[in-house]
Amino acid sequence: MIPAAVDYVLADSAEAAIAALTEAGDEAKLLAGGQSLVPLMRLRLATPSVLIDIGRLDDLSGISIDGDTVSIGALTTHSALEHSADLAAACPLLAHVAAQVGDPAVRHRGTLGGSLAHADPASDLPAAVLALGGTLVASGPGGSREIAATDFFTGFLESALGPDELLTEVRVPVSTGGWCYQKFNRRAQDWAIVGVVVAEAGAGVALVNMGSTPLRASGVEAAVAGGASAGDAAAVAADGTEPPTDNNADGDYRAHLARVLTERALTAAGA
Amino acid sequence: MTVTETPFTGGIVGKPRLRREDPALLTGEAKFIDDLQIPGALWLACVRSPYAHARITGIDTSAALAIAGVVAVYTGEDLADAWAAPLPCAWPVTDDMKNPAHYPIAQGKANYAGDIVAVVVAESRYAAADGIEGVVVDYEPLEAVVTIEDAETDRLVIHDDCGTNVSYVWELTPEPDAVTAAFAAAEHHITETFVHQRLIPTAMEPRGVAAVPAPHNGDMTLYSSTQIPHVLRVMAALTVGIPEQKLRVIAPSVGGGFGCKLNVYAEEILCIVLAQRHGVPVRWTEGRTEAAGSTVHGRAQRQTIELAADADGKLTAVRATLLADMGAYLQLVAPGVPLLGAFLYHGLYDVPVYSFTCKSVFTNLTPTDAYRGAGRPEATYAIERAMDALAVAVGVGQDEIRSRNFIPTEKFPYDSPAGLIFDSGNYQPTLDRAKELIDWDGRRAEQAERRAAGSTTHLGLGISSYVEMCGLAPSRTLAALNYGAGGWESATVRILPTCKVQVVTGATPHGQGHETCWSMIVADQLGIDPDDVEVLHSDTSISPLGMDTYGSRSLAVGGTAIWMATEQVIDKARAIAAHMLEANADDLEFAGGTFSVRGSPDKEVPLAGVAFGAFTAHDLPDGMEPNLQAQVTFDPSNFVFPFGTHIAVVEVDEATGAVELLDYAAVDDCGNQINPLIVEGQLHGGIVQGIAQALWEDAAYDADGQCRAANLADYLVPSAAECIDMKLDHTVTPSPSNPMGVKGIGEAGTIASTPAVMNAVVDALRPMGITDITMPASPMTVRRAIEAAQGGSA
């Protein structure tokens, strides 16, 4: 539990962080809330040469609602999402999912941008942003660009972010239609064994921990759009997935859970 | 001696009192091993085998030695001559028990993943951690023995010098022919096989050690996060080969143990030897993931239990057969752990004949040893699960089958078929009260309604009635079991000149609240404020005699020693008071901290006056020594036998297999209670720890002997969020074996709760034809059982 030696840079602006990233290349890691990165470093599973601490970039934190769009700074903590009255009104699904992450200590340190950039298929928030059809904003040396959530998650713990890019903002549409998050785990603080996020009464459906990335369940979405019952739509929830095996579940059981939980989520969301 | 009520009249004992230990613990002021500031200390880090079984063909330390801050690297060969003896096993349960030599650093072969193959000594913890990455070990991996069934075959023998993987076979069958006859004549013959998975004890504070040598005189102070500073002192002195009086052991604040710190570990011995060698302090703090492989595990056995019963379900014989996993080596008391349950496989039921056999084997896994309850949870699980099966076979309720078999109250003290004498008991009221608390009849009706309605959320009710033997232990009994030490406990009670009191105890707390309880006992006896009683412990220089804390022994043995010492102090004070009052000692009353002459209320002297008089010694009776002090070593005449009934209500989601605990009632009897608040706390923690075995915790290993649950993300210790409010109540049946009438409560919750929950899970699923679920009852395990019962897949 003793991390390897690492250089530390405290960034005082997004530009400075990007400059430091550009200079250090692949060996650098951005440190936001540290709730995923620091445990990996303590186990020496991650050994970056330099940590660029963006934790004090206050302008990257906050929630604003403009028309049909909710814009959330990448450094906004899960706790802030959980307790925002504005978010609860504009996108109650996201506020609820944020409240299911880890435990209170994790939620006070962990950030939305950190969770998305970490791209863990077992995390709650990536699937929520997928189901909501969100957009991510990345800044690099050449300026900023938008990345659709559907294009963002490229592999296990891998995202479309370039090595010199910083995730600055997450945008989701205002979404007050029927929603549900079915998170199945054995202890409240744990990652989901399987999770199912349903937004807008089944127009958006995403799966947690059913593959190497967070997955959009497009088959379920199509079935719902075609008027299928919750049960019939849920029957295809695991189709085409390659769910992982661990102590809690093998792939077959995960597929079974995905179907059961999808039906429950669709029903609760009024699909 | 016979106790029918409490001897306490001071109004302090028996009332809830907040723990005096807690402010320091809750504010972070308490000093644990890792908090100690030790100038000039070197840090130890251990290179551990990543393989469960591998030959060590070479170790290259050169890269490690080149790392800045690394002072030295030692292999097993380097330190081969450093030990006076191998690491100790103090419980050779049979004369022919196989006990492979176990040294702090492996030589030639690693026998489990976590076995130490080299150590690094460095100027900082970081340099030490870097150093272990620089040690290059060449391994030749060997096939590993991972299961007890595989071990038993001797297909592959782990320790060549033992010639077998079987460490010992221990049998207790007082009347073999009678057992055979009882099963031959039985109307019902129940045979059940259960598996206790390996558990990782998971104290909140991992282990830690610091050995601090004195500069000149050869003295060594060993700080360790241990439950047993006294036992450790003796064993470490013998293992290292230094004179016992040169070794002082201190256990600072210790963040829990649950049995896993009832041991003598390689790292303790290594720190002493390396501190001697380098002439400076050497310290080590265990990491959490490291702890999962290097600190002992618990449970790990397969048990077959057979019940013989007549047509009414009245038991006529019980036979239990165990296959137990010792792991790669025998740790301090590991062989004796199954024996602590050996006498209890008939539970609290009146059974005429009895048979128990345990075979223990070596595997290429982390060594096992005591874990909260140590043998008694296993025994209780077997009998309580089997009693449910018997109830089904006989066609009566799970409550009725127990009532028919409880040892009748008039039979106490009860000569058990295993050869124990159960001190006192009154079992039926605990079952009655637990049923009342849980609304047994209402829940049964709800269960029937759900079943009738075809609900897919199934309700299950599970009973666990238990008795356990604790208060370890009569020294003569331990001798009969080949245990290498006694079971006494020591206490000194000293009244200071200003009538403040020092209590010195050999019972070493690691979270129990001894200071609070001991001060309550003494204050109640002396008629003073508990805050005026100081309790000293956990340092062999302050408290040189002790047998420490495990086996729910502290109150029944250590507390009794304190009670007796206080009585002796009062007797001496009474003689001095009589001299001061010019009265006959027999005419004095002592109440509220004052001696008075019966019938002459104006003739009185407070204890404070006596204490000061004993200190000045200006006018003591002829021949009397100054000061008020007594030292007592108490060796109990018997174990104590707490009992009770727990009932769990669970809901099983058929679609997912998820088990949810809906309600839990526990009615326990630990005799007279000193501090009901601490009794409650022990039950809360103990019950959850037992439920954790039923539903969550599993030190699962893969076929190569790698632990798949070596961190707290994969090893599912429950948190507060998984707990429910429990309904607790108690009855009071004092023990006649000690003057306070007390029993033990530290392990009772863990002993009782696992079978209560598993009986409830099986009860929920029994209509599907399910009769057992392997622990832990994880959602996938339960779902698979449902699918199998329904004859198809999901």
Side-chain angles (χ1 to χ4, degrees), chain A residues 1-6 35-36 39-45 47 99-100 102-106 120 122-123 182-196 209 231 234-235 237-238 243 245-265 267, chain B residues 43 45 67-69 122 124-133 206 285-291 456 653-660 692 695-700 702 707-723 776-784 787 793-794:
Chain A
M1 298 298 281
I2 301 294
V6 61
Q35 297 304 289
S36 299
L40 291 174
M41 289 176 64
R42 290 179 68 94
L43 293 166
R44 298 198 174 197
L45 295 173
T47 52
Q100 310 310 308
D103 55 34
V106 168
D120 186 340
S123 288
Q182 287 278 328
K183 179 175 184 175
F184 188 83
N185 58 15
R186 295 173 65 189
R187 297 182 304 179
Q189 72 209 50
D190 286 335
W191 287 276
I193 296 171
V194 173
V196 179
N209 215 1
T245 290
D246 58 26
N247 286 1
N248 290 318
D250 61 20
D252 287 347
Y253 178 61
R254 278 204 159 83
H256 169 73
L257 281 179
R259 290 187 287 269
V260 171
L261 300 174
T262 299
E263 180 174 355
R264 290 179 181 180
T267 303
Chain B
W43 283 85
I67 292 170
S124 74
R125 202 175 171 189
Y126 285 81
D130 291 345
I132 59 175
E133 297 209 330
T285 299
E286 189 177 47
R288 180 62 71 183
T289 301
E290 183 178 30
T456 56
D653 181 344
E654 183 178 324
T656 62
V659 175
E660 188 184 352
L695 298 182
W696 294 295
E697 296 185 15
D698 184 11
D702 67 16
C707 186
R708 294 191 285 114
N711 60 64
L712 293 180
D714 292 322
Y715 189 79
L716 305 184
V717 177
S719 74
E722 283 71 54
C723 300
S778 75
M780 182 166 70
T781 298
V782 172
R783 177 63 202 168
R784 287 281 147 80
E787 288 171 6
S793 70

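Throughout, protein chains are lettered first and strands after them, A, B, ... in sequence-line order, and every chain is numbered starting at 1.
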| Residue pair B/S778 / A/R186, side-chain heavy-atom distance below 4.5 Å | yes

| request: Would you mind checking if A/D250 and B/R784 are paired as a salt bridge, meaning a charged N to carboxylate O distance below 4.0 Å? | output: yes

| message | So for B/P776, is it side chain, backbone, both, or neither that comes closer than 4.5 Å to the heavy atoms of chain A? | response | side chain

| task | Walk me through it: do A/R44 and B/E133 pass the test side-chain contact (heavy atoms from CB on, under 4.5 Å)? | result | CA-CA 10 Å; A/R44 298 198 174 197; B/E133 297 209 330; 3.2 Å; yes

| In Å and rounded to the nearest 0.5 Å, what is the CD to CG distance from B/E722 to A/D190? | 7.5 Å

| Considering only heavy atoms, which portion of A/R254 lies under 4.5 Å from any heavy atom of chain B: side chain, backbone, both, or neither? | neither

| Closest heavy-atom pair and its distance - B/A655, A/R264 | CB-NH2, 3.5 Å

| message | Heavy-atom pairs under 4.5 Å with chain A - which of B/T656, B/N711, B/L695, B/D130 has more of them than the others? | response | B/T656

| field | Region of A/P39 that comes under 4.5 Å of a non-hydrogen atom in chain B | value | neither

| Would you say B/D714's side chain and A/N247's backbone share a donor-acceptor pair under 3.5 angstrom? | no

| Does the A/R187 side chain pair with the main chain of B/S719, one donor and one acceptor, at a distance under 3.5 Å? | no

| task | Go through B/A700, B/A128, B/A721, B/A129 and name the one with the most non-hydrogen pairs under 4.5 angstrom from chain A. | result | B/A129

| field | chain B contact via A/N248 - side chain, backbone, both or neither, heavy atoms under 4.5 Å | value | both

| message | At a 4.5 Å cut-off on heavy atoms, which part of B/L712 comes close to chain A: side chain, backbone, both, or neither? | response | backbone

| message | Please classify the contact of B/D653 with chain A as side chain, backbone, both or neither, using a heavy-atom distance under 4.5 Å. | response | side chain

| request: Quick one: pull up CG in A/D252 and CZ in B/R783 and give me the separation to the nearest 0.5 Å. | output: 12.0 Å

| task | Mind ranking B/P779, B/A45, B/P718 by heavy-atom pairs under 4.5 Å with chain A and telling me who comes out on top? | result | B/P779

| query | Counting only heavy atoms not in B/W696, do more than 12 sit closer than 6.0 Å to its CH2 atom? | reply | yes

| Heavy-atom proximity to chain B below 4.5 Å, by part of A/I193 | neither

